[in-house]
Structures are given as structure tokens and as C-alpha cells.
Amino acid sequence: LETTKGEKMRLEVDMKTAQEKYEAQIKEVEEELKRTKDNFKDAMESLEKINDEADKLEETLETTKREKLSLQAELDANLSLAAPPDQAMEQLNAEIQRLQHALDQEIKAKEE
């Protein structure tokens, strides 16, 4: 009878220890689950921000493409109105000669 009482008490202690370990494991799993949920929520928020930024960059790219096309059209129009290269060089050379002559005259006037 004493052995049975002792075994019963030992079993009760073992059961209580096992239950405490089980409850501690459950608590650890619940905490890990909460951390995982929090990390997932943070990751989803980050993904949303990245998607928003990607959308903004896409809009900027489209705007830039339109501006490029507009500027290219403007450049083409301006080039078609510009003087031919040879004529432009002649005009530039004539302007350089005129400025050189004016400079020479100014130097000559100061020397006198």
C-alpha cells in the first residue's frame, strides 16, 4: 500500500511537471506565432510601400517619355528652321570678323 501511495505521488508530480512543460511549450508556440504574424504584417506593409513607389516611378517614367517625345519634336522643328550648316558657319565667321575689326578699332583708338 505504501508503494502504491508513493508511486501515485510520484506519478502526480510527473504529470504536473509534464503539464507545466506542455503549457510552457504552448506559450512559446503562441509567442512565436505572434512574432510571425507581426513580421508578416510588417512585410506586407513594406510590400505596399514598395508597390506604391513602383507605381510612382512608372508614372514618372511615362511622363519622362512624353516629355522626351515633345522635346524631340520641338528640336526637330527648330532644326528644320535653322540655317544650313555651311550658311551658319559663314554667318559665324562674318560675326567673328566684325567683332575682331571692332576690337582692332577700339585698340587703335586707345593707342592714339
Would you say Asn93 and Gln97 are linked by a side-chain donor-acceptor pair, where the criterion is simply a distance under 3.5 Å? no
CD/Glu74 to CG/Leu69 distance, rounded to the nearest 0.5 angstrom? 13.0 Å
Modelled atom types, side-chain donor and acceptor of Glu23 and Gln19, under 3.5 Å: yes
CD1/Ile50 to CG/Leu57 distance, rounded to the nearest 0.5 angstrom? 11.5 Å
Out of the candidates Gln100, His101, Glu95, only one should pair with Arg98 under the side chain to side chain contact (heavy atoms under 4.5 Å, CB included) rule; please name it. Glu95
Rounded to the nearest 0.5 Å, the CD atom of Glu12 sits from the NZ atom of Lys8 at a distance of 5.5 Å
Quick check for you: to the nearest 0.5 Å, what is the distance between Gln91 atom CD and Ile96 atom CD1? 12.0 Å
Nearest 0.5 Å, please: how far is OG1 in Thr17 from CE in Met15? 10.5 Å
Separation between CG (Leu61) and NZ (Lys68), nearest 0.5 Å, reads 10.5 Å
Arg10 vs Val13 side-chain heavy atoms within contact, under 4.5 Å: no
For Thr63 and Arg66, what are the C-alpha separation, side-chain angles and deciding distance, and is it a side chain to side chain contact (heavy atoms under 4.5 Å, CB included)? CA-CA 5 Å; Thr63 300; Arg66 284 192 300 276; 3.3 Å; yes
Counting neighbours of CD on Glu106 that are heavy atoms of other residues, nucleotides or ligands and sit closer than 6.0 Å, is the number greater than 12? no
I need the single residue from Lys34, Arg35, Lys41 that forms a side-chain hydrogen bond (donor to acceptor under 3.5 Å, both in side chains) with Asp38. Which is it? Lys34
Tell me whether Glu58 at atom CD has more than 12 heavy atoms from other residues, nucleotides or ligands lying less than 6.0 Å away. no
